[in-house]
Amino acid sequence: MLKVGITGGIGSGKSTVCRLFADNDVAVYDSDKEAKRLMNEDATLRAAIISRFGEESYTAEGLNRKYLADKVFTDEESLQALNALVHPAVKRDFERWAEEQSGDYVVLECAILFESGMNTMVDVTVAVVAPLDLRVSRTCRRDKCDEESVRRRIAAQMSDDELTAKADITIVNIFETDLEPTVKELDYRFKNVRK
């Protein structure tokens with residue numbers, strides 16, 4: 001089965017593209033959502049996080065996201081340590097999930113596809129890119145946040161130029177109405193790839 005990795009920075013439209021694939025009955029694995037689930041449900045991962053970051057990493061309700069965010073987003077070494085625990089668990093879970101799917105191909109939605117090494121788990125990589133100002137306005141509208149904080153988040157991510165250079169396919173998302181025919185065309189291509 002073909003595995004397609006879809007990535008893109010904040011406000012690029014990556015999730016919209018993935019939703020359109022899902023609307024075409026393609027199974028989509030949302031790595032962000034699944035990572036959060038695994039951090040709560042995977043006993044081995046949970047124990048490793050507690051061992052590295054302390055008992056405060058979890059409350060009675062589950063993962064203490066604020067505590068962990070305060071730890072990792074102010075210290076690069078802590079962020080790398082957390083990623084070194086979470087990424088292998090997500091990779092294993094994606095492999096297991098993909099084996100359970102039917103259809104011609106599956107989609108892996110991953111904001112940090114190349115940074116996490118998840119690109120090695122897929123056969124084709126797709127980058128969704130958009131002009132910077134458009135990404136900022138989309139994100140501000142969606143998250144109700146200020147422009148400066150969005151620009152900081154974008155600056156911390158891989159640039160569109162880097163993504164385009166690394167990806168096999170690039171989707172430029174300026175008008176969302178153009179996405180549907182683009183996804184339909186890619187769907188046709190992916191369904192007709194002979195492995």
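Keep in mind that this is a model prediction, so the values were computed, not measured.
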Just wondering, do R153 and D143 contact through their side chains at under 4.5 Å, heavy atoms?
-> yes
Indicate yes or no: at least one non-hydrogen side-chain atom of M121 is less than 4.5 angstrom from one of K3.
-> no
Identify whether [X] and [Y] are in the same connected component of the hydrophobic contact network (ILVMFWY, side-chain heavy atoms under 4.5 Å).
X    : Y    : result
L38  : I112 : no
V17  : I174 : no
I154 : L163 : no
L113 : I10  : no
V90  : L79  : yes

Can a salt bridge be assigned to the pair [X] and [Y] using a cut-off of 4.0 Å between side-chain N and carboxylate O?
X    : Y    : result
R92  : E95  : no
E162 : K166 : no
K36  : D32  : no
K71  : D75  : no
D93  : R96  : yes
D133 : R151 : yes
D42  : R46  : no

Nearest 0.5 Å please: distance from the [atom1] atom of [X] over to the [atom2] atom of [Y].
X    : Y    : atom1 : atom2 : answer
M118 : Y29  : CE    : OH    : 6.0 Å
L179 : T177 : CG    : OG1   : 8.0 Å
T7   : N119 : OG1   : CG    : 9.5 Å
T182 : E176 : OG1   : CD    : 12.0 Å
Y58  : L63  : OH    : CG    : 5.0 Å
L134 : F175 : CG    : CZ    : 8.5 Å

Might you work through the side chain to side chain contact (heavy atoms under 4.5 Å, CB included) test for I49 and L82, ending with a clear yes or no?
-> CA-CA 7 Å; I49 290 170; L82 181 63; 4.2 Å; yes
Closest heavy-atom pair and its distance - [X], [Y]:
X    : Y    : answer
K191 : N24  : NZ-O, 4.4 Å
G11  : T139 : CA-OG1, 3.4 Å
F21  : L186 : CZ-CB, 4.0 Å
V128 : S12  : O-CB, 3.2 Å
M1   : A98  : SD-O, 4.1 Å
A35  : V86  : CB-CG1, 4.0 Å

Go through the steps to decide whether Q80 and E76 satisfy the test side chain to side chain contact (heavy atoms under 4.5 Å, CB included), and finish with yes or no.
-> CA-CA 6 Å; Q80 288 175 358; E76 185 63 32; 3.4 Å; yes
Counting N and O atoms only, with roles assigned by atom type, does the side chain of [X] sit under 3.5 Å from a partner on the main chain of [Y], one being a donor and the other an acceptor?
X    : Y    : result
T164 : D160 : yes
T170 : A127 : no
Y67  : F53  : yes

Please assess D30 against C18 for the test side chain to side chain contact (heavy atoms under 4.5 Å, CB included), listing each intermediate value before the final yes or no.
-> CA-CA 9 Å; D30 180 338; C18 290; over 6 Å; no
In chain order, what residues pass the ring pair (Phe, Tyr, Trp, His ring centres under 6.0 Å) check against F190, with sequence neighbours excluded?
-> Y105
Residues forming a side chain to side chain donor-acceptor pair (under 3.5 Å) with S116, sequence neighbours excluded = none
Does N40 have any side chain to side chain donor-acceptor pair (under 3.5 Å) partners at least two apart in sequence or in another chain, and if so, which?
-> none
Report the C-alpha separation of F94 and S31 in whole Å, then their side-chain angles, then the decisive distance to 0.1 Å, and conclude whether the side chain to side chain contact (heavy atoms under 4.5 Å, CB included) test is met.
-> CA-CA 8 Å; F94 171 69; S31 61; over 6 Å; no
Considering residues, nucleotides and ligands other than E100, do more than 12 of their heavy atoms fall under 6.0 Å from its CD?
-> yes
Is R52 atom CZ crowded by more than 12 heavy atoms from other residues, nucleotides or ligands, each under 6.0 Å away?
-> yes
So among D161, V172, N173, which one has a side-chain contact (heavy atoms from CB on, under 4.5 Å) with V129?
-> V172
